[in-house]
Number of protein chains: 2
Amino acid sequence: MGTARDPIELARDNWRSAGWADSSDGMALVTSVMRVQQVLLTTIDDLLRPFGLTFARFEVLMLLHFSRVGELPVGKIGERLQVHPASVTNAVNRLEGAGHVTRRPNADDGRSVLAAITAQGRALVLDAAATLNAEVFLNVPLPAAARHDLYELMRRWRSEFEDFDE
Amino acid sequence: MGTARDPIELARDNWRSAGWADSSDGMALVTSVMRVQQVLLTTIDDLLRPFGLTFARFEVLMLLHFSRVGELPVGKIGERLQVHPASVTNAVNRLEGAGHVTRRPNADDGRSVLAAITAQGRALVLDAAATLNAEVFLNVPLPAAARHDLYELMRRWRSEFEDFDE
DNA sequence: TGTCTTTACTTTGACATCAAAGTAAACTCC
DNA sequence: GGAGTTTACTTTGATGTCAAAGTAAAGACA
């Protein structure tokens, strides 16, 4: 590898020398999550750019693709993806503009809007998924056991701030 | 806990039923990182708002605070925090505007700019750090051993895409 | 010394995120 | 039926991120 020190390790040392040893591990862990996410997001968005997609939009399409009839209320999309309603509106607007999704009022609830994936959207998201599978999801650079451990630990963490069965 | 299924577990099942079992763990892990980061960032930014800071700006201040003379070239800040130069410019602009940081040309390199933390910036960032230590870094909701495992796994992951000693 | 290349920073644009605010439908209760 | 509350979505604004482009200084080489 290189010769530079890991910036996060440096920060952890600084935390300790400031008398904050108790919280230094927590700080290093939180910062690590930020860094990994940053790199992952950039990598994924780069890979999706030729498809005219971003990760956020890819996730919406993927969710609709897997839904029973390819259609969901906008609010349900937000719940499933665990993002703010305005973020769903933003993504659906972009996808609708590109012809990957259509919108219609929800007959069962006058306040609600349904987003449906188009055939074009389906074809596109499958291609995009193939790329992400090959380049990212199959390439997480850790052994399978470590990946599993990591996932389980993250799931425990998530269960502390999310309302789902654990 | 709640009664809803974990959306990421749902997604992992969908991945498998689509014939993508090999990549389903990687996908679930990547998505978990995104979710945890999202919640952490929102939590941290909420806590820092009363200080007039965001996490990005807090990190810049913290870095300057810990530097030998409280001053660093803007490019070095970007390297240490592992963010894009434009992001450093953005944060330093905001901090300078608030009087937490000053800027001056680097006498050793005419292309370079030095950012220095002010006394006001130091006082502020120590208060902010105390809050984050108490509310976030000491409160990662996992046992110490799990936190350590998680950190080590993330460090291994990071070492695969970062140029530092491992 | 002059030219070409590299380096350092800033500006601009696109992007997704959440908070706050607004609009309207649905629900609850009297 | 009407008033008050809750729910669902959208719009607007602030934010940080990176890519692309621009400006200028420094370095390398003839």
Side-chain angles (χ1 to χ4, degrees), chain A residues 31 34-61 72-98 101 103-115, chain B residues 31 34-61 72-98 101 103-115:
Chain A
T31 307
M34 300 287 180
R35 294 289 173 267
V36 170
Q37 186 274 348
Q38 185 182 58
V39 171
L40 285 175
L41 187 60
T42 302
T43 301
I44 290 171
D45 279 345
D46 283 347
L47 288 168
L48 292 176
R49 192 166 292 116
F51 300 101
L53 294 176
T54 58
F55 190 53
R57 288 182 239 154
F58 169 80
E59 283 200 302
V60 171
L61 283 182
L72 287 169
V74 167
K76 181 68 66 175
I77 295 176
E79 282 172 31
R80 292 281 177 73
L81 297 182
Q82 300 175 299
V83 295
H84 193 275
S87 301
V88 180
T89 297
N90 182 54
V92 170
N93 281 348
R94 304 300 297 266
L95 290 168
E96 188 182 25
V101 158
R103 242 194 190 102
R104 69 179 176 98
N106 186 350
D108 297 335
D109 183 340
R111 304 164 300 185
S112 174
V113 171
L114 293 170
Chain B
T31 307
M34 301 288 181
R35 294 287 173 268
V36 171
Q37 187 272 346
Q38 184 182 56
V39 170
L40 285 175
L41 187 61
T42 301
T43 302
I44 289 170
D45 279 346
D46 283 347
L47 287 168
L48 292 176
R49 191 166 291 116
F51 300 100
L53 295 176
T54 58
F55 189 54
R57 286 181 240 155
F58 168 81
E59 283 200 303
V60 171
L61 283 182
L72 286 169
V74 167
K76 181 68 66 176
I77 296 176
E79 281 172 32
R80 291 281 176 72
L81 297 182
Q82 302 176 297
V83 295
H84 194 275
S87 302
V88 180
T89 297
N90 183 54
V92 171
N93 280 348
R94 302 301 296 267
L95 290 167
E96 189 183 24
V101 159
R103 248 195 185 97
R104 67 178 177 98
N106 184 349
D108 296 337
D109 183 339
R111 303 164 300 184
S112 174
V113 171
L114 294 170

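Keep in mind that this is a model prediction, so the values were computed, not measured.
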Expressed in angstrom and rounded to an integer, what is the separation of A:L48 atom CG from D:dA19 atom C1'? 16 Å

Anything under 3.5 Å between a protein N or O and an N or O of nucleotides 16-18 of chain D, put it in a table, one pair a line.
unit_1	atom_1	unit_2	atom_2	d
D:dG16	OP1	B:T54	OG1	2.7
D:dG16	OP1	B:R57	NE	2.7
D:dG16	OP1	B:R57	NH2	3.0
D:dG16	OP2	B:N90	ND2	3.3
D:dC18	OP2	B:H84	N	2.7
D:dC18	OP2	B:S87	OG	3.0

Whole Å only: how far is the CD1 atom of A:I77 from the P atom of C:dA16? 14 Å

Without decimals, in angstroms, what is the distance between B:N93 CG and D:dA14 P? 17 Å

With rounding to the nearest 0.5 angstrom, report the CG to CZ distance, B:L114 to B:R104. 5.0 Å

Quick one, A:V101 and A:L61 - any side-chain contact, counting heavy atoms below 4.5 Å? yes

Nearest whole angstrom, please: distance from the C1' of C:dA8 to the CZ of B:R111. 6 Å

Return the CG to CD distance between A:N93 and A:E96, rounded to the nearest 0.5 Å. 6.5 Å

Report yes if the side chains of B:L48 and B:R57 come closer than 4.5 Å at any heavy-atom pair, otherwise no. no

Would you mind telling me which residue lines up with the more 5' stretch of DNA chain C, B:R49 or B:R103, judged by nearest nucleotide? B:R103

Give the rounded distance in Å between these two atoms: CD of A:E79 and C1' of D:dC9. 13 Å

CZ of A:R104 versus P of D:dC9: gap in Å, rounded? 13 Å

How long is the line joining CG of A:N106 and P of C:dA25, in whole Å? 14 Å

Looking only at side-chain N and O atoms, does B:S112 come under 4.0 Å of OP1 or OP2 in C:dC9? yes

Check the distance between C:dA16's P and A:L40's CG and give it to me in whole angstrom. 17 Å

Heavy-atom check, side chain of B:L53 versus side chain of B:L95, under 4.5 Å: yes

Would B:R111 and B:N106 count as having a side-chain donor-acceptor pair, cut-off 3.5 Å? no

